[in-house]
Amino acid sequence: MEFRFTDEQLEVQQRIRDCCRKEIYPGAANLDAASPQEAQGMIKERAKILAREGLLGLGLPSEVGGVGGDLLGTVVLHQELGEACPATALSVLSSVGLCARALCEWGEKAEQDAFLRGLLGGETIGAGGDLEPEASLDARKPKTTASSSGSGAKLTGEKAMVLNGPLAGPKILIASADDGAALFLVSPDATGLEISEPHTKLGCRGVPTADISLKDCTAVRLAPDDGPGSVATLRAFEHLLFGAVATGMINAAMVTAGVHARDHQAGEKPLARHQEMSFKLAETLLFQETAMMLLHRCVWMMEEKNPEAPVLASSAKVFASEAAVKAADWAMQI
């Protein structure tokens with residue numbers, strides 16, 4: 001098994017890292033402290049910066065406005081964004097990782113032409129909605145229902161905590177159809193759509209988040225012949241990218257705590273030389289390396305079309321997100 005990145009992958013990683021350190025990280029604290037209205041404008045500007053650097057279209061074909069490359073580049077983008085600014089990372093995940101990915105994989109040409117270039121060019125922000133009030137995230141039959149209406153569909157139900165909800169144009173939502181859960185495209189001008197006021201949150205405050213209410217909302221079903229397969233595939237992408245964001249957060253905690261432990265003393269020696277501190281740093285490194293191995297193995301399995309890939313994607317998300325909480329807690333203690 002080959003663990004090294006190719007020269008091309010290394011070049012992409014360095015471009016992403018340079019952009020995140022120069023353009024994204026310096027304003028992360030301001031985004032976190034901004035009001036919901038101010039945050040929306042800042043998120044739009046950050047999307048334009050990433051698009052200008054050719055990063056939003058990573059992993060998507062040039063025919064639809066992407067820049068090509070493989071799935072690993074998309075994972076690296078979300079990991080580096082997660083380290084620099086988790087709020088920006090989650091906004092990109094919803095807009096490009098879910099909305100643009102779904103349109104690219106299962107949208108008709110007219111739908112792709114209407115929205116993809118705007119999403120990948122940073123001119124439009126998209127959203128993906130799955131979570132529902134008082135319902136399981138991975139329910140096979142969401143409470144939101146779809147009924148046929150001419151050549152389209154009408155959705156009725158609610159979606160909770162939709163990332164980018166307050167400012168999104170196109171939205172990819174999951175609803176129950178006759179043959180199970182399915183993906184639906186809701187356009188910005190759809191009737192029967194209501195967006196709540198932006199939420200205030202304890203963490204990742206900079207990513208605009210809102211609830212969505214659907215009352216006979218006009219929509220278009222994506223991949224009508226694919227049954228529930230498109231939903232399972234998009235959820236696997238979602239879990240993989242959430243794992244990547246969390247892995248970036250682990251690294252940020254490890255680096256911040258490590259520098260502090262090196263540069264500060266207690267008992268006439270650096271904090272890093274105290275056993276309790278060194279154990280926390282060592283275990284954080286273990287978290288980071290394990291999360292990275294899970295992510296990279298999952299990328300390989302997804303590119304190989306391995307049917308077990310969605311399970312590993314979920315595993316990567318669970319491990320990395322729980323490890324990120326522990327790493328941040330230990331970093332604060334250090």
Side-chain angles (χ1 to χ4, degrees), residues 36 40 90-91 93-108 110-112 114-116 118-119 124-201 207-239 242:
Q40 292 181 39
L90 293 178
S91 177
L93 188 157
S94 188
S95 181
V96 178
L98 297 181
C99 186
R101 171 72 65 174
L103 287 170
C104 182
E105 295 280 350
W106 303 289
E108 297 291 339
E111 296 153 2
Q112 293 177 348
F115 299 114
L116 265 180
L119 289 169
T124 304
I125 303 295
D130 194 356
L131 183 66
E132 296 181 336
E134 302 178 9
S136 169
L137 180 62
D138 288 322
R140 295 183 181 274
K141 293 283 286 185
K143 292 185 178 181
T144 300
T145 58
S147 58
S148 297
S149 177
S151 59
K154 292 201 172 183
L155 306 183
T156 298
E158 295 183 355
K159 294 297 179 182
M161 295 292 290
V162 178
L163 301 176
N164 293 337
L167 74 162
K171 304 166 189 67
I172 301 297
L173 305 179
I174 297 177
S176 293
D178 294 335
D179 53 348
L183 299 177
F184 293 86
L185 168 65
V186 176
S187 300
D189 57 353
T191 59
L193 176 69
E194 293 183 9
I195 310 294
S196 74
E197 289 296 314
H199 293 308
T200 55
K201 304 182 294 298
V207 55
T209 309
D211 298 333
I212 293 179
S213 178
L214 307 158
K215 299 177 182 178
D216 288 330
C217 177
T218 54
V220 176
R221 179 169 177 175
L222 302 184
D225 300 326
D226 190 41
S230 57
V231 173
T233 301
L234 188 64
R235 278 177 173 158
F237 279 117
E238 178 183 19
H239 293 170
F242 267 116

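Everything numeric in this text was worked out from a predicted model, so none of it was measured. The chain is numbered in sequence order, starting from 1.
- Applying the side-chain contact (heavy atoms from CB on, under 4.5 Å) test to Ala190 and every residue at least two apart in sequence or in another chain returns Val186, Cys217, Thr218.
- Remark: Pro166 pairs with Gln40, Pro198, Pro208, Ala210 by the side-chain contact (heavy atoms from CB on, under 4.5 Å) rule, at least two apart or across chains.
- The side-chain contact (heavy atoms from CB on, under 4.5 Å) search around Glu194 returns Ser213, Lys215, not counting sequence neighbours.
- Glu111 approaches Glu108 most closely through the heavy-atom pair OE1-N, 2.8 Å.
- From Leu163, atom CG reaches atom OG1 of Thr209 across 5.0 Å, with rounding to the nearest 0.5 Å.
- Applying the side chain to side chain donor-acceptor pair (under 3.5 Å) criterion to Ser95, with sequence neighbours excluded, gives no partner residue.
- Every side-chain contact (heavy atoms from CB on, under 4.5 Å) that Gln112 has, sequence neighbours left out, goes to Val64, Leu116.
- Checking Leu185, Leu214, Thr144 one by one against Leu173, the side chain to side chain contact (heavy atoms under 4.5 Å, CB included) holds for a single residue, Leu214.
- Using a 4.5 Å heavy-atom threshold, the side chains of Leu93 and Phe242 count as touching.
- Side-chain atoms of Ser230 never come within 3.5 Å of backbone atoms of Ala223 as a donor-acceptor pair (strictly under, hydrogens ignored).
- Note that the CZ atom of Arg221 and the CH2 atom of Trp106 stand 12.5 Å from one another [nearest 0.5 Å].
- Between Leu119 and Cys99 the shortest heavy-atom distance is CD1-SG, 3.9 Å.
- When every heavy atom of Val162 is checked against every heavy atom of Gly128, the shortest pair comes out as CG1-O, 4.0 Å.
- Residues forming a side chain to side chain donor-acceptor pair (under 3.5 Å) with Lys143 (at least two apart in sequence, or on another chain): none.
- Residues Lys171 and Leu193 meet the side-chain proximity criterion, which asks for heavy atoms closer than 4.5 Å.
- A donor-acceptor pair under 3.5 Å is formed between the side chain of Asn164 and the backbone N or O of Gly126.
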Without placing hydrogens or testing angles, list every side-chain donor-acceptor pair under 3.5 Å for residues 153-161, not counting sequence neighbours.
{"unit_1": "Thr156", "atom_1": "OG1", "unit_2": "Asp216", "atom_2": "N", "d": "3.3"}
{"unit_1": "Thr156", "atom_1": "OG1", "unit_2": "Asp216", "atom_2": "OD1", "d": "3.4"}
{"unit_1": "Lys159", "atom_1": "NZ", "unit_2": "Asp130", "atom_2": "O", "d": "3.4"}
{"unit_1": "Lys159", "atom_1": "NZ", "unit_2": "Glu132", "atom_2": "OE2", "d": "3.0"}
{"unit_1": "Lys159", "atom_1": "NZ", "unit_2": "Ile174", "atom_2": "O", "d": "2.6"}

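- Remark: Asp178 CG is loosely packed, at most 12 non-hydrogen atoms of other residues, nucleotides or ligands lying under 6.0 Å away.
- Of the possible donor and acceptor atoms, none in the side chain of Thr145 sits under 3.5 Å from a partner among the backbone N and O of Ser176.
- Closest approach of Pro170 and Thr124 over heavy atoms only: CD-CG2, 3.6 Å.
- Atoms CG and CD, on Asp211 and Glu197 in that order, are 11.0 Å from each other to the nearest 0.5 Å.
- Partners of Glu105 by salt bridge (Lys or Arg N to Asp or Glu O under 4.0 Å), not counting sequence neighbours, listed by chain and number: Arg101.
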